[in-house]
Amino acid sequence: MEARHHQVPTDEKALLEELSSAFRAHFGEKAARLFFAPSRINIIGEHIDYNGGNVFPCALTIGTYALAAPNEENALRLYSLNLDAENTATLPLNEEKAPDDWTGYVLGVFHALEQKGLKPVGLDIAVAGNIPNGSGLSSSASLELLCGVIAEALFEKTTDETLTRLDLVEAGVWCENEYLGVHTGIMDQYVIGFGKAGHAMRLDTAAKQHEYVPLELEAKGACILVLNTNKRRELKDSKYNERRAECATALKELNRLLREKGEAPREFLCDFSEDELNWLDGLDPVIAKRARHVITENARVQAMIDAFADSRLEDAGQILNDGHRSLRDDYEVTGPHLDAIVEAAQSAEGCYGARMTGAGFGGCAIALVRQDAVDAVIAHIKKIYAEKTDRTAECLISLAGDGAGERVVAAN
C-alpha cells in the first residue's frame, strides 16, 4: 500500500473518533456500520504457504477499520484516512486494469466476490488502519478481508449459494495474484479471516484447513514482541515473485529425479522431507538453497508447536533463530535492517530467540521474550539497532486477536 500521509492514532478509541469525523466530512451525516480486519504475524513457517506447507500464524489486535453506508450515487465512494485520499468507482465495475493505488485492493476483492454471487451496490466507505507503516504485517491482506466482510454484509446476493469465510479469503488471494500480479500464498488472508483471540493456528496451506493452538504465553511467563525496523517493505518491488519462481524450478527438478527413480511426482515442494535433503546436491546451488529453506522450515513448524505445548521456551527460541538463519542464508530475504534488529534481540538478556516475520526485504521481526525482562529487552534492542542503522525501532507486545468481521458498536 502507498506511503501514508496522515498519522492515524494507534489507540482504537481515538482512531474511531477520527474515522467517524472523516466519514461525516466526506459523506455526510448517515448511519454507518463498523467493520474491522486484523493484521497478522507468522510465528514460524515463512515462505512455505505457496509451497504446500504448514504455517503457524496468529491474527493481531491491530488492523484496519471501515465505516460503510449505502449511497444513492450508484458508485463506490472510497476514502482513506491514512492517506487522506479519495476515489470513486462507478457501477457496474468493469474489468479494466487495476488502479495503481490503494483502491486496487478494494476493487480487486469486489471483482472477485461479484463472481461468487455478491453484486456491488453504491456504498460510501471510509477506511483507517493502525498497522505500523510498511511493516510487513499484511496491511494489504487486512484491507482485502475488510472489504470481504463489508461486501458480505452490504452487497446484493445474486445466488442461493452460501458464501463461506474461505470464499472471502480466496477473493483476497485472487486480488493479489491475478488482479495485482503479486504471487502470494494463502496464509495472510486465511489467518486474518479465521483468526481467534488467544490462539495461533496450524494452517495446512495445501488442504486449506486449520486447527487452533492456544498460545498461553502469559501463563508461561513469556510474550512475543513485534519489532518494526521502520524500513518500509514494498512487496511488488521485492524479489518475492522471483523466489516463488525459484521454488517452482526446484519442484520441477526434484520431480524429474523422482521420475528417473520410477516414482510418482509430488505436488508441492513441502512434500519432500528433511531425510531427502541430499537430493538437492544435484541441483543448481541457488535453487538448492531455496528448496533447503522450504523443506527445513516446514519441519520447524511442528517443532515449534511441540515446543510451545511442552513449555520448552529455550527450544522455541532456538527454532526462531534457526528460521532466521535459513531465511538469511538460504532464502536471502532478510537484508541489513532485519538482520540488525534480529541480532540486537538475540543478544538481549531475557530473549529466547528472534527472527524476521513476513515476506522480508524490510518490515518486522518477532522475538520470544521473558515477561519480566520485556522493558530491558526493548531498551537493548532500540539502543543496538539505532547504533547499527541510525533508525528507531518500534517494539510492540503481540496479542492474538479475532479475525475479520463487523463490530457491534457503532462509531458515529
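Look at K388 and E343 and you find a salt bridge, because one of the NZ, NE, NH1 or NH2 atoms lies within 4.0 Å of a carboxylate O, short of that distance. By the 4.0 Å N-to-carboxylate-O rule, E86 lies too far from R77 to be salt-bridged with it. Using a 4.0 Å cut-off between charged side-chain N and carboxylate O, K383 and E387 make a salt bridge. Between R370 and D372 there is a salt bridge, with a side-chain nitrogen of the basic residue lying less than 4.0 Å from a carboxylate oxygen of the acidic one. The residues D402 and K196 are annotated as not salt-bridged, no charged nitrogen and carboxylate oxygen being separated by less than 4.0 angstrom.
Annotation: cation-pi pair K116/W174 absent, no NZ/CZ under 6.0 Å from the ring centroid and within 45° of its normal. For the pair R266 and F272, the cation-pi test (distance below 6.0 Å, angle within 45°) is passed. Figure legend: R407 and F36 shown as a cation-pi pair, the cationic atom lying under 6.0 angstrom from the six-membered ring centre and within 45 degrees of its axis.
Between the OG1 atom of T184 and the CG atom of D49 there is a distance of 7.5 Å, given to the nearest 0.5 Å. To the nearest 0.5 Å, atom CD1 of residue I125 and atom CD1 of residue I150 are 4.5 Å apart. With rounding to the nearest 0.5 Å, the separation of CD in E18 from CG in L81 is 5.5 Å. Annotation: the span from I224 atom CD1 to I397 atom CD1 amounts to 11.5 Å, rounded to 0.5 Å. To the nearest 0.5 Å, atoms NZ (K220) and CG (L313) are separated by 7.0 Å. Between atom SG of residue C247 and atom CD of residue E242 there is a gap of 11.0 Å, rounded to the nearest 0.5 Å.
When all heavy atoms of V301 and I48 are compared, the closest pair comes out as CG2-CD1, 4.2 Å. Among all heavy-atom pairs drawn from A345 and A354, the shortest one is CB-CB, 3.8 Å. For the pair R202 and V213, the tightest heavy-atom approach, listed with the atom from each and the gap, is N-CG2, 4.1 Å. The minimum heavy-atom distance between N42 and P57, with the atom names listed, is OD1-N, 3.4 Å. Of all the heavy atoms in E176 and A141, the pair that sits closest is OE2-N, 4.2 Å. Looking at every heavy atom in both residues, I131 comes nearest to I62 through CA-CD1, 4.3 Å.
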Decide yes or no on side-chain contact (heavy atoms from CB on, under 4.5 Å) for F194 and V169, but give the supporting numbers first. CA-CA 9 Å; F194 286 95; V169 168; 3.9 Å; yes
Could you go step by step and tell me if E332 and R290 meet the salt bridge (Lys or Arg N to Asp or Glu O under 4.0 Å) rule? CA-CA 9 Å; E332 298 181 278; R290 308 300 188 245; 2.8 Å; yes
Does I366 form a side-chain contact (heavy atoms from CB on, under 4.5 Å) with L227? I'd like the steps, not just the answer. CA-CA 6 Å; I366 58 171; L227 314 175; over 6 Å; no
Checking side-chain contact (heavy atoms from CB on, under 4.5 Å) for the pair E152/R165: CA distance, chi angles, key distance, verdict? CA-CA 10 Å; E152 183 180 39; R165 183 49 59 107; 4.1 Å; yes
Stepwise side-chain contact (heavy atoms from CB on, under 4.5 Å) test for E246 and V286: CA-CA 8 Å; E246 289 166 340; V286 172; 4.1 Å; yes
Residues K208, E170; criterion salt bridge (Lys or Arg N to Asp or Glu O under 4.0 Å); working and verdict: CA-CA 10 Å; K208 298 179 183 178; E170 291 178 336; 2.9 Å; yes
S80 vs N82, test: side-chain hydrogen bond (donor to acceptor under 3.5 Å, both in side chains). Steps then yes/no. CA-CA 5 Å; S80 166; N82 296 79; 4.5 Å; no
Check against salt bridge (Lys or Arg N to Asp or Glu O under 4.0 Å), R33 and E406: CA-CA 8 Å; R33 294 164 69 174; E406 185 170 2; 2.8 Å; yes
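Using modelled atom types, one finds a donor on one side chain and an acceptor on the other under 3.5 Å when comparing N321 with Q346. One side chain, S326 or R300, offers a donor N or O that lies under 3.5 Å from an acceptor on the other. Under 3.5 Å, the side chains of E274 and T296 contain no donor-acceptor pair of N or O atoms. Under 3.5 Å, the side chains of H324 and D339 contain a donor-acceptor pair of N or O atoms.
With N71 contributing its side chain and E73 its backbone, the two residues share a donor-acceptor pair below 3.5 Å.
Taking the six-membered ring wherever Trp is involved, the centroid distance between the rings of Y79 and F23 does not fall below 6.0 Å. H183 and Y50 have their aromatic ring centers separated by at least 6.0 angstrom.
Open room surrounds CG on D375; 12 or fewer heavy atoms of other groups in view lie less than 6.0 Å from it. No more than 12 heavy-atom neighbours from other residues, nucleotides or ligands sit within 6.0 angstrom of CD on E161. By the neighbour-count criterion of 12 heavy atoms within 6.0 Å, atom CD of E260 is densely surrounded, having more than that number from other residues, nucleotides or ligands. No more than 12 heavy atoms of other residues, nucleotides or ligands lie within 6.0 Å of CD in E218, so this atom counts as exposed by the packing criterion.
Using cut-offs of 30° and 60° on the angle between ring planes, the pair H47 and Y331 is tilted.
Listed by first and then second residue, the salt bridge (Lys or Arg N to Asp or Glu O under 4.0 Å) pairs involving residues 355-364 are E46-R355 (not counting sequence neighbours). Legend: ring pair (Phe, Tyr, Trp, His ring centres under 6.0 Å) pairs involving residues 384-404, not counting sequence neighbours: none detected.
Here the side chains of I341 and N228 are not in contact, with every heavy-atom distance at 4.5 Å or above. Using a 4.5 Å cut-off on side-chain heavy atoms (C-beta onward), Q371 and V374 make contact. At a threshold of 4.5 Å between non-hydrogen side-chain atoms, the residues F308 and I43 count as touching. Y65 is not listed as a side-chain neighbour of L146, based on a closest heavy-atom distance of 4.5 Å or more.
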